[in-house]
Amino acid sequence: MSGAPPPRHEPEVPGPASDPDPDRDPDRDPGLQPERTRLAWRRTTLAGAVAAVLGAKTALHGGASAVSVTAGALACLLWLGVLFLAHRRIAAVASSNRPPALAPPHAAAVALCTVAIAVCGAVLIVA
């Protein structure tokens with residue numbers, strides 16, 4: 001037996017010559033990234049659902065005023081807007097190996113809906 005270590009075999013690194021899909025982005029994991037994005041959007045819509053239900057419960061608890069019912073209904077409608085945008089984004093991520101970036105108007109719409117839901121919640125607390 002010699003004192004030399006056995007030769008090591010390096011794993012083949014995918015490159016232009018060995019990659020069967022040349023359009024694939026080598027830095028993107030096609031399996032996990034869309035799954036993480038889908039789960040993040042689902043958590044967002046679940047949190048919105050909880051906020052909308054609590055808002056509706058607050059609006060109807062202890063004598064419903066017109067302001068509290070309006071704020072609760074508006075919070076529910078805003079949650080439906082977030083749900084719609086989240087569903088579109090999940091579908092876009094799932095349908096392509098390289099999904100497009102979230103459009104700035106869609107990102108702004110989700111952010112505005114989120115802020116508006118928070119404002120509705122503040123109105124429900126004060127009213």
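For the single chain, residues carry numbers from 1 onward in sequence order. Keep in mind it's a predicted model, so treat the numbers as computed, not measured.
- For the salt bridge (Lys or Arg N to Asp or Glu O under 4.0 Å) test, no residue two or more places apart in sequence or in another chain qualifies with R42.
- The cluster map of Ile, Leu, Val, Met, Phe, Trp and Tyr, joined by side-chain heavy atoms under 4.5 Å apart, puts L83 and L77 in the same cluster.
- Taking the side chain as every heavy atom from C-beta outward, I90 and T37 never approach each other to under 4.5 Å.
- Within the structure, side chain to side chain donor-acceptor pair (under 3.5 Å) contacts touching residues 63-79 (residues at least two apart or in different chains) are S65-S68.
- Going from atom OG1 of T44 over to atom CG of L39 covers 10.5 Å, rounded to the nearest 0.5 Å.
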Only pairs under 3.5 Å count here: list side-chain donor-acceptor contacts from residues 99-120, not counting sequence neighbours, and write none if there are none.
residue: T114; atom: OG1; partner: V110; partner atom: O; Å: 2.8

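- Taking CG from L80 and OG1 from T45, the interatomic distance works out to 11.0 Å, rounded to the nearest 0.5 Å.
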